[in-house]
2 protein chains.
Amino acid sequence: MIRIILVDDHAVVRNGYRRLLDAEPGLQVVGEAGSADEANSLILHTEADVALVDLSLRGSSGIEAIRGMLLRQPKLKILVLSMHDGASHITQALRSGALGYLTKYCEPADVIDGIRRIACGKRVFSPEIAQVLAEEAIDGDGALAHLTPREFEVLRMLAHGESAIRIASSMHVSPKTVLNYLSLIRQKLDADSDFKLLHLAARHGLVDIHHALGA
Amino acid sequence: MIRIILVDDHAVVRNGYRRLLDAEPGLQVVGEAGSADEANSLILHTEADVALVDLSLRGSSGIEAIRGMLLRQPKLKILVLSMHDGASHITQALRSGALGYLTKYCEPADVIDGIRRIACGKRVFSPEIAQVLAEEAIDGDGALAHLTPREFEVLRMLAHGESAIRIASSMHVSPKTVLNYLSLIRQKLDADSDFKLLHLAARHGLVDIHHALGA
DNA sequence: GAAAATCCGGGAAAAACTCCCGGTTTGCCG
DNA sequence: CGGCAAACCGGGAGTTTTTCCCGGATTTTC
């Protein structure tokens with residue numbers, strides 16, 4: 001019997017999964033959490049084999065939930081179920097210890113199959129996710145990798161809408177230095193437009209698009 | 001008895017709502033659709049009072065589903081249930097004929113209550129949504145409103161990452177003209193940074209953030 | 001320790017942007 | 001029909017930003 005806990009901030013979605021999974025022989029939902037905090041406390045007094053977690057929790061991120069749960073229960077197998085197929089979400093989740101990643105568009109049967117395979121320690125990915133991972137691999141770590149820490153910092157602040165001058169004073173350096181960094185960044189990232197810069201920053205999780213751009 | 005149809009591309013979510021609503025006295029789910037096309041054909045051979053629709057359908061948009069269904073069944077009351085609280089989504093949905101708009105973060109009880117009120121012809125909004133609508137109202141139609149069609153076009157292309165020169169050739173005008181437009185746009189929108197420009201463009205639906213930025 | 005990379009900023013040329021201008025076209029209203 | 005306002009289009013000059021080059025100080029790496 002595979003014991004499952006659900007981490008998702010939509011009660012209705014949790015209900016749907018509970019109903020789906022409990023109906024399946026060999027699977028049993030033993031707990032639900034609506035936030036990272038709830039997940040962390042749940043894991044302490046529940047014996048679970050697999051956690052199904054949604055990345056976009058309210059308040060805290062699903063990433064936190066993953067880290068917290070693994071800290072308390074290292075043998076837990078984590079399968080991410082997310083709406084998002086952006087590179088940053090995927091790599092962050094995997095680096096945090098998730099074993100698999102499915103988009104919410106996959107069929108219920110795929111989820112069930114995925115859970116069974118995750119429980120055996122296998123990795124599970126939706127086709128779209130595998131695609132994104134492949135592209136990332138080809139990119140060779142992603143373009144942002146060759147940025148120096150300082151350059152990275154500048155880019156992050158820029159993506160948050162700060163002006164060069166504000167960045168400079170915040171970093172306690174001359175505005176000229178920041179401008180020089182920006183020049184280098186544009187060059188390294190092959191970004192001819194500010195849009196492209198923002199694009200790359202967003203893809204790599206430097207800025208929370210949904211919050212920052214309000215979409 | 002209020003007859004309800006569910007439009008959402010996640011089978012599990014539909015299941016969750018069906019379970020939730022059928023358990024409620026006076027409510028009954030009479031059909032489900034996973035896409036705008038399915039919704040349109042479903043509405044033809046089903047008598048429904050209320051449609052619960054998710055905006056982010058795969059392929060087609062939920063907006064299309066709303067328009068299609070209202071075309072075939074003008075008396076249908078539509079309640080949008082969406083993850084997104086961006087101004088563009090909300091106004092588009094309402095302009096397309098939706099009567100209410102709830103975020104998926106609200107409680108199941110709120111959804112049930114919302115359905116009952118929508119069925120009576122009342123409008124229903126989550127607090128966050130009401131907030132956004134209020135801000136829009138204060139903005140006075142949104143800053144983008146004073147842009148001329150041509151300026152709007154330039155902004156849209158810019159938001160898609162095109163350079164000024166490419167925009168110019170695409171519009172069959174001189175690059176200088178495009179630069180002048182850009183100048184005006186920045187002025188009208190009070191945007192001191194390109195980031196702010198993108199921010200505004202995104203909020204008003206000129207660019208699909210999730211797709212364009214791959215997040 | 002030496003070598004390499006990073007951090008930091010100056011200066012000058014090049015590119016981009018702003019602001020102002022005038023001409024043309026379009027649509028509206030007295 | 002004759003203004004008239006708004007939008008469309010682009011030139012020119014001045015200002016600002018960006019780029020590209022430089023060299024020295026500091027840190028990391030082998």
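Throughout, protein chains are lettered first and strands after them, A, B, ... in sequence-line order, and every chain is numbered starting at 1.
For the side chain to side chain contact (heavy atoms under 4.5 Å, CB included) test with Ile5(A), the passing option among Leu42(A), Asp49(A), Val53(A), Val50(A) is Leu42(A); the others fail. When each of Leu189(A), Leu184(A), Leu182(A) is paired with Arg186(A), the side chain to side chain contact (heavy atoms under 4.5 Å, CB included) condition holds for Leu182(A) and for no other.
If you check dA12(C), dT18(C), dC8(D) against the side chain of Arg150(B), the one that comes closest is dC8(D). Side-chain proximity of Lys176(B) to the nucleotides dT18(D), dG10(D), dC8(C) is greatest for dG10(D). Of the candidates dC17(C), dG9(C), dC7(C), dC17(C) carries the atom nearest the Arg186(B) side chain, counting heavy atoms from C-beta on. Candidate nucleotides dC19(C), dG9(C), dT6(C) were compared by shortest atom distance to the side chain of Asn180(B), and dC19(C) ranks first.
At dT18(C), one or more side-chain N or O atoms of Ser183(B) fall inside 4.0 Å of OP1 or OP2 (strictly under the cut-off). In terms of phosphate contacts, Thr177(B) brings no side-chain nitrogen or oxygen within less than 4.0 Å of OP1 or OP2 of dC9(D). Within the 4.0 Å cut-off from OP1 or OP2 of dC19(C), at least one side-chain nitrogen or oxygen of Gln187(B) is found. Contact between the side-chain N/O atoms of Thr148(A) and the OP1/OP2 oxygens of dA5(C) is not found at any separation under 4.0 Å.
Taking atom NZ on Lys188(A) and atom P on dA5(C), their separation rounds to 11 Å, with Å as the unit. Straight-line distance from the CG atom of Leu147(B) to the C1' atom of dA6(D): 15 Å, rounded to whole Å. The CG atom of Leu179(B) sits 11 Å away from the C1' atom of dG10(D) (whole-angstrom rounding). Atom pair Leu182(B):CG and dT18(C):P shows a separation of 8 Å (rounding to whole Å applied). The CD atom of Glu153(B) sits 11 Å away from the P atom of dC8(D) (whole-angstrom rounding). Remark: C1' of dC17(C) and CG of Leu197(B) are 13 Å apart, rounded to the nearest angstrom. Separating the OH atom of Tyr181(A) from the P atom of dT18(D) is a distance of 17 Å, rounded to the nearest angstrom. The nearest whole Å value for the distance from the CE atom in Met171(A) to the P atom in dC8(C) is 6 Å.
At distances below 3.5 Å, at least one donor-acceptor pair connects side-chain atoms of Thr148(B) with backbone N or O atoms of Glu151(B).
Note on Glu64(B) versus Arg67(B): no salt bridge recorded, every NZ/NE/NH1/NH2 to OD/OE distance being 4.0 Å or above. Between Asp9(B) and Arg14(B), none of the side-chain N atoms (NZ, or NE/NH1/NH2) sits under 4.0 Å from a carboxylate O, so this pair counts as no salt bridge.
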